[in-house]
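In listed order, ligands and their atoms are each counted from 1. Just so you know, these numbers use all the heavy atoms, side chains as well, and skip hydrogens, waters and symmetry mates.
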Amino acid sequence: MRFFLVLLISFTPLLSEDFITKMEYAKMLYSNPRGIGCNKCHGEKGEGSIISEFVHKNKRVRLEAPNITNLSKERFFHALTTQHKVMPTYFLTWQEIDSLYYYVSSEVQK
Ligand code: HEC
């Protein structure tokens, strides 16, 4: 009996450990990348969205965040390591960018 108790106690922490999947991690990062969430502009799944529409000097201006679900890895990495006019600059590691790429370009889960 004591043996089983010791066995049970020693394995309980392992069972209660909070594991998250690669996809869950990637999704979290997408909405909280140490800065404004990608989802705020590119939509929940990277499908893109209209950020704002307004009239400036009698011209209709539409501010759009592009769809980022079908980009090459090179293009994705390039976009996240350079500066843009509208999109903020992020300071992400290569692994983090890789996770974000995994999230938006994955067909599963969504
Ligand atoms: C404030 C809105 C905004 C946020 C937040 C934002 N983006 Fe963007 N993103 C844009 C806009 C707008 C563009 C088009 C380039 C430009 O004008 O900045 C763009 C361009 C891109 C591109 C290049 C698309 C292409 O066709 O080459 C990628 C990739 C991208 N964003 C990924 C992300 C990821 C990943 C995040 C989160 C870490 C993010 N963006 C956060 C607005 C945003």
Side-chain angles (χ1 to χ4, degrees):
M1 182 61 200
R2 183 177 284 170
F3 173 74
F4 285 113
L5 212 62
V6 169
L7 203 71
L8 191 73
I9 289 168
S10 53
F11 280 105
T12 310
L14 279 181
L15 295 172
S16 63
E17 192 86 47
D18 270 334
F19 287 111
I20 59 167
T21 64
K22 186 177 172 185
M23 184 53 86
E24 283 167 342
Y25 169 72
K27 189 177 182 176
M28 266 168 48
L29 197 62
Y30 183 75
S31 58
N32 191 13
R34 287 197 301 281
I36 173 168
C38 319
N39 57 336
K40 296 278 189 319
C41 294
H42 292 280
E44 285 312 312
K45 297 161 187 173
E47 69 276 15
S49 77
I50 297 165
I51 303 169
S52 174
E53 262 180 312
F54 52 91
V55 177
H56 179 67
K57 291 184 179 164
N58 276 331
K59 267 197 203 156
R60 191 158 197 80
V61 183
R62 177 185 269 193
L63 211 58
E64 264 178 289
N67 180 319
I68 51 168
T69 58
N70 290 308
L71 303 176
S72 69
K73 210 166 198 174
E74 290 70 32
R75 187 163 164 172
F76 192 87
F77 268 75
H78 180 77
L80 284 156
T81 48
T82 50
Q83 295 197 335
H84 303 268
K85 273 201 213 143
V86 178
M87 183 167 139
T89 305
Y90 290 92
F91 298 93
L92 299 160
T93 64
W94 289 86
Q95 285 95 329
E96 286 170 333
I97 299 174
D98 204 46
S99 274
L100 290 170
Y101 184 74
Y102 173 75
Y103 177 69
V104 296
S105 56
S106 170
E107 288 300 317
V108 265
Q109 184 268 321
K110 299 179 176 177

What residue and atom, counting heavy atoms only, is the protein's closest point to atom 24 (C) of ligand 1, and at what distance? Leu71 CD1, 3.7 Å
What's the shortest distance from atom 3 (C) of ligand 1 to any protein heavy atom, and which residue and atom give it? Cys41 SG, 2.7 Å
So, do Met23 and Ser106 sit near enough that their side-chain heavy atoms are less than 4.5 Å apart? yes
Side chains of Leu29 and Tyr103, heavy atoms from C-beta outward: is any pair under 4.5 Å? no
Quick one: are Ser31 and Cys38 in side-chain contact, heavy atoms under 4.5 Å? no
Which of the atoms of ligand 1 are close to Leu80, meaning less than 4.0 Å from one of its heavy atoms? 34 (C), 35 (C)
Is the backbone N or O of Ala79 less than 3.5 Å from a side-chain atom of His84, with the two atoms forming a donor-acceptor pair by type? yes
Of Gly46, Gly35, Pro66, Ser52, the one whose closest heavy atom lies nearest atom 11 (C) of ligand 1 is Pro66
Check ligand 1 against Arg75 and write out every atom of the ligand that is under 4.0 Å from a heavy-atom position of the residue. 25 (C), 26 (O), 27 (O)
Tightest non-hydrogen contact, residues Tyr102 and Ala26, listed as CD2-CB, 4.2 Å
Taking atom 38 (C) of ligand 1 as the reference point, the nearest protein heavy atom with its distance: Cys38 SG, 2.7 Å
For Glu64, take its heavy atoms, then give the atoms of ligand 1 lying under 4.0 Å from any of them. 12 (C)
Regarding ligand 1, does Met87 bring an N or O atom to under 3.5 Å of one of the ligand's N or O atoms? yes
Using atom types as modelled and distance alone, determine if a side-chain donor or acceptor of Tyr101 lies under 3.5 Å from a backbone N or O of Lys73. yes
So the atoms of ligand 1 within less than 4.0 Å of a heavy atom of Phe76 turn out to be 29 (C), 35 (C)
What's the shortest distance from atom 22 (C) of ligand 1 to any protein heavy atom, and which residue and atom give it? Ala79 CB, 3.6 Å
Parallel, tilted or perpendicular: which describes the rings of Trp94 and Phe77, with under 30° parallel and over 60° perpendicular? parallel
If the cut-off is 4.0 Å to any non-hydrogen atom of Pro88, which atoms of ligand 1 fall inside it? 1 (C), 3 (C), 4 (C), 5 (C)
Atom nearest to atom 8 (Fe) of ligand 1 - His42, N, O or S atoms considered: NE2
For atom 5 (C) of ligand 1, find the nearest protein heavy atom and state the residue, atom name and distance (0.1 Å precision). Tyr90 OH, 3.3 Å
Contact region, Val86 to ligand 1, non-hydrogen atoms below 4.0 Å, reads both
Heavy-atom contacts with Gly37 under 4.0 Å: which atoms of ligand 1 show up? List them by number with element. 5 (C)
Please examine the side chains of Tyr30 and His42, heavy atoms only from C-beta on, and report whether any two atoms are closer than 4.5 Å. yes
Per-atom contacts of ligand 1 with Ile36, taking only distances under 4.0 Å to non-hydrogen atoms: 5 (C)
If you define the side chain from C-beta out and look only at heavy atoms, does anything of Arg75 sit under 4.5 Å from Leu80? no
Just wondering, do Tyr90 and Thr81 contact through their side chains at under 4.5 Å, heavy atoms? no
Is any side-chain heavy atom of Val55 closer than 4.5 Å to one of Val61? no
Number the atoms of ligand 1 from 1 as they appear, then name those within less than 4.0 Å of a heavy atom of Pro33, with their elements. 38 (C)
Ranked by distance from atom 15 (C) of ligand 1, the top protein heavy atom is His84 ND1, 4.0 Å
